[in-house]
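Every heavy atom of this structure was used, including side-chain atoms; hydrogens, water molecules and symmetry mates were not. For clarity, every value in this text was computed on a predicted model and none was experimentally measured.
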Amino acid sequence: MRASARLAVVGVGLLFISCAPPADQAEPPPAAEPQMSQAEAMEVFDAYVESFDAAVNAGDVDALMAGFGVDPASMPPDVPEVAGADALRAFWSELLAQGPTVDNVLQGFRVDGDLAVLWGSYSLTAGDVETVGKWISVSERQADGSWTTLRNMWNTDQPGAM
């Protein structure tokens, strides 16, 4: 009985295989999303970074939050991760209340489909404190072609207290 059950399974498997169209007649895979050229990507991401700076420098938490995607998180130096839109809004509201000015410089990026990793450097002034450092951001392309930040992290180039 077991031998006949195995033969039935093999027979059904062969039936499905024989019904499949030959490889040269199979449907072609869907066309890949056209990738941006390096120049187009640089233009898009430069504007993306400039909009972040403009929001911070204007103290505009709404504009800043508009640049974050669904379930965003920031990983600032010397504090735990700030995760979720509500926590992130509270964090940035407190930070922007100090009146900082920032100048980010995009140094590079890699795009893979709808995800991109961007990195760069920054200079930040808040009151009489000035700092410089580096940052990295993971971003996601939205259905309308815009990009939003999923995660970002930054730290200072200045030595910290041990």
Side-chain angles (χ1 to χ4, degrees), residues 21-160:
D24 61 342
Q25 294 179 6
E27 274 189 47
E33 179 80 18
Q35 293 293 315
M36 295 183 288
S37 72
Q38 192 74 5
E40 291 169 323
M42 183 59 95
E43 188 176 311
V44 166
F45 293 132
D46 271 338
Y48 181 65
V49 170
E50 287 173 13
S51 69
F52 179 90
D53 287 359
V56 170
N57 295 339
D60 187 344
V61 74
D62 291 329
L64 185 65
M65 291 303 297
F68 283 92
V70 176
D71 192 30
S74 286
M75 292 168 260
D78 304 322
V79 298
E81 176 183 49
V82 181
D86 293 339
L88 203 57
R89 177 177 286 281
F91 171 81
W92 283 106
S93 293
E94 185 177 325
L95 192 64
L96 295 181
Q98 299 172 32
T101 58
V102 67
D103 181 27
N104 284 288
V105 176
L106 177 65
Q107 294 176 327
F109 58 88
R110 294 285 185 273
V111 178
D112 186 3
D114 288 337
L115 291 176
V117 176
L118 293 76
W119 60 90
S121 61
Y122 71 87
S123 61
L124 175 86
T125 304
D128 60 353
V129 176
E130 294 181 31
T131 187
V132 296
K134 61 251 174 223
W135 56 267
I136 191 165
S137 175
V138 178
S139 301
E140 181 177 43
R141 186 184 348 230
Q142 303 302 298
D144 67 0
S146 66
W147 290 83
T148 59
T149 300
L150 296 175
R151 300 288 184 273
N152 65 350
M153 174 185 272
W154 66 96
N155 60 47
T156 180
D157 288 346
Q158 299 164 327

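- Considering every non-hydrogen atom in both F109 and M42, the closest pair reads CZ-N, 3.7 Å.
- In terms of heavy atoms, N57 sits closest to V102 at OD1-N, 2.7 Å.
- We find the CG-OG1 distance between L124 and T101 to be 6.5 Å, quoted to the nearest 0.5 Å.
- For D128, the CG atom sits in a loose shell: 12 or fewer heavy atoms of surrounding residues, nucleotides or ligands are nearer than 6.0 Å.
- The aromatic rings of F68 and W92 lie tilted to each other, with the angle between the two planes from 30° to 60°.
- Side-chain atoms of S74 do not come within 3.5 Å of backbone N or O of P76 as any donor-acceptor pair.
- Heavy-atom minimum distance, D157 versus K134: OD1-NZ, 2.7 Å.
- With contacts defined as side-chain heavy-atom distances shorter than 4.5 Å, the pair D71/R151 qualifies.
- Between the CZ atom in R89 and the CG atom in L96 there is a gap of 10.5 Å [rounded to 0.5 Å].
- Counting only heavy atoms from C-beta outward, the side chains of L64 and F52 approach each other to under 4.5 Å.
- If you run side chain to side chain donor-acceptor pair (under 3.5 Å) between T148 and each of E140, R141, Q142, only Q142 comes through.
- Side-chain atoms of D53 come within 3.5 Å of backbone N or O of N104 as a donor-acceptor pair.
- Taking OH of Y122 as the start and OG1 of T156 as the end, the distance is 4.5 Å to the nearest 0.5 Å.
- Taking the side chain as every heavy atom from C-beta outward, L95 and V56 never approach each other to under 4.5 Å.
- Contact of the W135 side chain with the Q107 side chain is not registered, since no non-hydrogen atoms from C-beta on lie closer than 4.5 Å.
- How far OG of S139 is from CG of D114: 12.0 Å, rounded to the nearest 0.5 Å.
- Heavy atoms of other residues, nucleotides or ligands lying less than 6.0 angstrom from CD of E94 number 12 at most.
- S121 contributes no side-chain N or O that, together with a main-chain N or O of G133, makes up a donor-acceptor pair within less than 3.5 Å.
- In terms of heavy-atom proximity, T149 sits nearest to P72 at O-CB, 4.1 Å.
- A pairwise comparison of heavy atoms in W119 and L106 identifies O-CD1, 3.6 Å as the closest pair.
- The structure places OG of S137 at 5.5 Å from CG of L118, a figure rounded to the nearest 0.5 Å.
- The shortest non-hydrogen separation linking V111 to W147 is CG1-CH2, 4.2 Å.
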